[in-house]
Amino acid sequence: MHLEQVEDFHQRQRKKAQLKDALVVKLAGKIGKRIDDLQADEIEVKTIAPLLRAIAHLSDSATNSEATALGIDALAEMLEEPD
């Protein structure tokens with residue numbers, strides 16, 4: 001029972017990591033394309049830092065989800081080992 005719950009949590013964490021990674025790549029690509037299309041005088045300096053922070057936060061969150069999933073892998077292996 002507990003091992004099944006751990007595995008369910010593991011799968012959710014891995015899925016979150018994959019979704020967040022995909023979102024980071026998509027957002028970074030869209031922002032990069034938009035920046036390429038802008039003229040220098042169209043870029044508002046006050047918007048650059050928040051956008052970069054948002055991307056960094058999503059990337060960090062995806063990394064944390066992946067780290068949790070890897071930790072759960074190790075935990076599941078320890079739980080499956082015979083005493």
Side-chain angles (χ1 to χ4, degrees):
M1 176 71 170
H2 292 291
L3 192 54
E4 185 178 309
Q5 291 172 337
V6 168
E7 180 58 30
D8 289 345
F9 181 72
H10 171 258
Q11 292 304 322
R12 286 192 306 273
Q13 287 301 113
R14 189 163 301 280
K15 183 73 171 175
K16 284 180 188 178
Q18 291 169 346
L19 291 172
K20 289 174 186 177
D21 277 341
L23 182 58
V24 167
V25 170
K26 190 174 185 176
L27 282 174
K30 286 184 181 266
I31 290 169
K33 184 176 182 200
R34 177 66 178 123
I35 288 172
D36 286 345
D37 294 342
L38 288 174
Q39 298 299 316
D41 61 347
E42 293 178 300
I43 300 172
E44 292 184 39
V45 175
K46 66 181 181 183
T47 62
I48 294 172
L51 288 172
L52 293 175
R53 275 196 300 273
I55 291 172
H57 177 73
L58 282 170
S59 180
D60 188 47
S61 180
T63 300
N64 287 336
S65 293
E66 182 66 19
T68 300
L70 292 173
I72 293 169
D73 280 343
L75 177 61
E77 286 179 19
M78 289 186 321
L79 292 173
E80 290 176 350
E81 289 179 1
D83 293 330

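One-based numbering along the sequence shown.
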Mind checking side-chain contact (heavy atoms from CB on, under 4.5 Å) for Gln11 and listing every partner two or more places apart, or none if nothing turns up? Glu7
Please check: side-chain N/O of Ser61 versus main-chain N/O of His57, any donor-acceptor pairing under 3.5 Å? no
Measure the CD-CG distance between Gln13 and Asn64 for me, rounded to the nearest 0.5 Å. 9.5 Å
Can you measure from CG (Leu27) to NZ (Lys20) and round to the nearest 0.5 angstrom? 13.5 Å
Spacing of CD belonging to Gln5 relative to CG belonging to Asp8, to within rounding of 0.5 Å: 7.5 Å
